[in-house]
2 protein chains.
Amino acid sequence: MSVKNSKIQLQCIACKSRGESHFSDLKDEDLEILSEHKSCVTYKKNQTLFYEGTRPMGIFCINSGKVKVFKMGSNGKEQILFIAQKGDFLGYRSLLSEEFYGASATVLEPAAICFIPKSDFLKVLHSNPEFFGKLMKAVCHELGVMETKLAQLSQKSVRERLAATILMLKETYGMEGEGSEVIDIVLSREDLANIVGTATETVIRLLSEFKSDKMIALEGKKIKVLDADKLIHEADFYG
Amino acid sequence: MSVKNSKIQLQCIACKSRGESHFSDLKDEDLEILSEHKSCVTYKKNQTLFYEGTRPMGIFCINSGKVKVFKMGSNGKEQILFIAQKGDFLGYRSLLSEEFYGASATVLEPAAICFIPKSDFLKVLHSNPEFFGKLMKAVCHELGVMETKLAQLSQKSVRERLAATILMLKETYGMEGEGSEVIDIVLSREDLANIVGTATETVIRLLSEFKSDKMIALEGKKIKVLDADKLIHEADFYG
DNA sequence: CGAAAACCATGACAAATGTCATGTTTTCTA
DNA sequence: TAGAAAACATGACATTTGTCATGGTTTTCG
């Protein structure tokens, strides 16, 4: 199979994923500007959008698929900061702080992603105070989320963090079932460990325990949440 | 001794700490607006500016002194997110994301701090795109810093993190000496542990080791860095 | 398809770190 | 300034978590 990525045609104006994105309220003329030099490409699993330490040239807008954003440690272990999906965009943080990328982004599930050059993005941003304000609000919110993650990493046990992570994934990727929800994202145990901030083996062991305790079930690669209340208790939320 | 805080007179326009702050480039008329309903107060050690979970009513601008910003865990342990000092301001993150405070702020060293009501701050912010942009850049930078902290907390040992923390404190609070630098901030072992994200006893033990190994010396409550290179090695920077 | 690679699972063990107990020193404050 | 409280220091020990080894299972890809 060829490894070449195929270019595809995606119009911002008609983009299904835009509704839930920060671009939702932009005027058509602004969308025109964004589309002008945009290039859209399909990515396969494990392809990397950008690397930590390199210079941002624009932003990536996810039309479909899932992407992990992570920092690599000196020991070769990744710490996943967050997972982005359709409607999210990536790389604007470094762009706006005028720094090199602080993290790398790699595709988890096959994705269609548009790249918008820096200049076009900034043009729209600066001609559009409302949009700017909205983005500011989003960044401030993200900062709060990151601070919460930091505190939980420091204060909670691995078991608690894994339970909390499963619940968080359920919120974002959960698909309704009868009394249970399947988490619709393909994550290796290693990736899960790199979200939680622990060793792969530890995650495997704890998943086995959660399974024995009927809190979750494993459906192929995916996790099914059987007893969310018990998981909440494990996560020691607001305990 | 009275616990009452004394009101003091501080003019933004004449503020010595403004030069290094985000307010540095504001026009006099904007400073006037900020000053209009401002109230400035001196705080003693251990007084709290605001509590996690409460509603932000404005921003705090530090004229002098030092303040720790932290999240409290369910176990009663604090995780210190950062330490603010003169020129920094606090609370704008939650203000802009329109959320409750995500952290608490408590005085470490006697401080003079001005409070600027939300409406005045927002008025200046929205009438001043350049200032808004500067703040956006700052928030994006902070987000990057927080992500780095998260990754290091997850990937480095306590020993490495303590070494890195001492070096970081030296950068910010170091006072030049002959071949050594005293870190000019009074931190209890407990606070230091809450920055590093570990138990107090562990910090005490490691400090003793660093002292035996001639990397640091303890001058009263303050830490003196004797061998920064060795500390850098301990911290495993870019190793 | 079939071999190789990647991934998952589990046991055994080691290392790092936290917790508890105790005593000393420093700081606070009545 | 004396007594109480807080902070510091250290030992002993428990617990958590990571690491290494091994084998089974699934996925990938020529």
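Throughout, protein chains are lettered first and strands after them, A, B, ... in sequence-line order, and every chain is numbered starting at 1.
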Looking at B:K45, I want to see if its NZ is surrounded by more than 12 non-hydrogen atoms of other residues, nucleotides or ligands under 6.0 Å.
yes

Just the rounded figure in Å: distance from C1' of C:dT27 to CZ of B:R189.
14 Å

Can you tell me which nucleotide in D:dA7, C:dT17, D:dT17 comes closest to the side chain of B:V158?
C:dT17

Length of the CD1-P vector between A:I204 and D:dT25, whole Å
15 Å

Would B:R189 and B:E201 pass as an ion pair if we require N to O under 4.0 Å?
no

Quick one: are A:V196 and A:L153 in side-chain contact, heavy atoms under 4.5 Å?
no

In whole angstrom, what separates A:K221's NZ from C:dC7's P?
7 Å

A:K222/A:D184 salt bridge by N-O under 4.0 Å criterion:
yes

Touch check for B:S208, heavy atoms < 4.0 angstrom, all strands: base, sugar-phosphate only, or nothing?
sugar-phosphate

Protein-nucleotide distance (A:K45, atom NZ; D:dT27, atom C1'), rounded to Å
11 Å

Suppose we call a contact any N or O donor and acceptor under 3.5 Å apart; does that hold for the side chain of B:E201 and the base of C:dC20?
yes

Interatomic distance where CG belongs to A:N194 and P belongs to C:dC8 [whole Å]:
12 Å

Calculate the interatomic distance between B:K222 atom NZ and C:dT26 atom P; express it in whole Å.
17 Å

Using atom NZ of B:K211 as one end and atom C1' of D:dT10 as the other, report the distance to the nearest whole Å.
13 Å

Is the phosphate of D:dA7 approached by B:T200 (side-chain N or O, under 4.0 Å from OP1 or OP2)?
no

Check if the side chain of B:R205 and the base of C:dT19 share a donor-acceptor pair of N or O atoms closer than 3.5 Å.
yes

Starting at NZ of A:K156 and ending at C1' of D:dT16, how long is that distance when rounded to a whole Å?
16 Å

